[in-house]
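Remarks on the structure that follows.
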Amino acid sequence: MNRLRPQIAVCGPRDCTESDDRAAREVGRLLAEGGATVLCGGGTGVMAAVAAGASQAGGLVIGVRPDTERGAICDGLSAVLFTAMGEARNAILIESADAIIVIGGSWGTLSELALANRRGGVPVVSINGWRVVDANGDDVHGSRPAATPAEAVAWALAPTES
């Protein structure tokens with residue numbers, strides 16, 4: 001039986017708020033303490049904050065970059081995949097994850113949220129993220145809102161039924 005560590009993607013904007021930075025650092029720490037491998041974009045903002053939180057707690061952090069710029073990566077990464085695929089790397093990040101945590105919001109983050117919901121079959125949880133509505137203004141339920149990093153991580157790491 002294959003016993004990979006759970007791989008949790010953490011997505012968020014490269015230009016994030018202080019609140020989102022704090023949340024991402026805490027999510028990273030909690031994921032590392034929970035034995036998860038953290039997947040992120042390997043850049044600035046939420047990506048750098050989650051990498052810092054996880055690596056400072058001894059966690060494994062994989063960055064999935066849209067480019068091949070070795071100098072553009074954030075600190076705290078254990079390994080980097082340089083895809084040279086631009087935003088198409090978002091699909092690689094989402095398809096590689098056992099769960100997705102979205103922190104904050106930007107257009108790239110919305111793309112990742114959409115890909116996660118389109119994929120289905122994996123938990124998607126959001127902290128201060130996008131609220132998507134349909135043409136009638138009704139909520140489109142695609143991610144579970146979490147009030148705290150601990151709540152988000154607990155839900156992301158909860159065993160799912162196959």
Side-chain angles (χ1 to χ4, degrees), residues 2-16 20-21 23-24 27-28 31-32 34-55 59-134 139-146 149 152-153 155-162:
N2 191 351
R3 297 194 180 261
L4 286 176
R5 297 161 56 142
Q7 297 187 155
I8 311 301
V10 180
C11 305
R14 66 177 150 247
D15 298 314
C16 69
D20 290 342
D21 182 279
V27 163
L31 287 171
T37 297
V38 174
L39 308 177
C40 71
T44 61
V46 164
M47 300 170 278
V50 74
S55 66
L60 179 63
V61 186
I62 309 297
V64 182
R65 295 291 303 152
D67 52 32
T68 59
E69 295 297 321
R70 267 68 175 159
I73 65 171
C74 64
D75 291 335
L77 299 176
S78 307
V80 182
L81 300 175
F82 294 100
T83 68
M85 296 179 68
E87 296 302 319
R89 68 82 190 255
N90 292 352
I92 295 168
L93 184 64
I94 297 305
E95 289 295 331
S96 298
D98 298 309
I100 295 95
I101 298 175
V102 177
I103 301 172
S106 66
W107 290 117
T109 307
L110 180 60
S111 164
E112 291 160 328
L113 177 64
L115 289 168
N117 287 306
R118 177 78 171 151
R119 174 184 170 192
V122 295
V124 181
V125 62
S126 179
I127 302 172
N128 300 322
W130 284 95
R131 177 176 168 249
V132 181
V133 297
D134 64 16
D139 283 331
V140 174
H141 300 286
S143 66
R144 176 182 179 150
V153 169
W155 197 64
L157 292 179
T160 58
E161 295 182 25
S162 301

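If you read the sequence from its start, that first residue is 1, and numbering goes on from there.
Counting only heavy atoms from C-beta outward, the side chains of N117 and V140 never approach each other to under 4.5 Å. The shortest side-chain heavy-atom distance between E112 and T109 falls under the 4.5 Å cut-off. Annotation: side chain of I73 is in contact with side chain of R65 (closest heavy-atom distance under 4.5 Å).
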Evaluate the criterion side-chain contact (heavy atoms from CB on, under 4.5 Å) for residue pair L77 and C40; output intermediate values, then yes/no. CA-CA 9 Å; L77 299 176; C40 71; 4.0 Å; yes
L157 vs L31, test: side-chain contact (heavy atoms from CB on, under 4.5 Å). Steps then yes/no. CA-CA 8 Å; L157 292 179; L31 287 171; 4.2 Å; yes
side-chain contact (heavy atoms from CB on, under 4.5 Å) between D15 and S106, worked out: CA-CA 8 Å; D15 298 314; S106 66; over 6 Å; no
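Between S143 and S126, the shortest heavy-atom contact is OG-CB, 3.6 Å. Here the shortest heavy-atom pairing between D20 and G104 reads OD2-CA, 3.3 Å. Across all non-hydrogen atoms, the minimal contact from V64 to I92 is CG1-CG2, 4.1 Å. The two residues T68 and F82 make their nearest non-hydrogen contact at CA-CD2, 3.8 Å. Contact between A97 and V122 at its shortest, heavy atoms only, is O-CG1, 4.0 Å. In terms of heavy atoms, V27 sits closest to P149 at CG2-CB, 3.6 Å.
D139 pairs by the salt bridge (Lys or Arg N to Asp or Glu O under 4.0 Å) definition with R131, not counting sequence neighbours.
The list of side chain to side chain donor-acceptor pair (under 3.5 Å) pairs with a residue in residues 76-94, not counting sequence neighbours, reads E87-N90, N90-S111.
Note that the CG atom of L113 and the CD1 atom of I100 stand 9.0 Å from one another [nearest 0.5 Å].
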Show me the side-chain donor-acceptor pairs of residues 5-14 shorter than 3.5 Å, one per line, residues at least two apart or across chains.
from	atom 1	to	atom 2	distance (Å)
R5	NE	G35	O	3.2
R5	NE	T37	OG1	3.4
R5	NH2	A36	O	3.2
Q7	NE2	S96	O	2.7

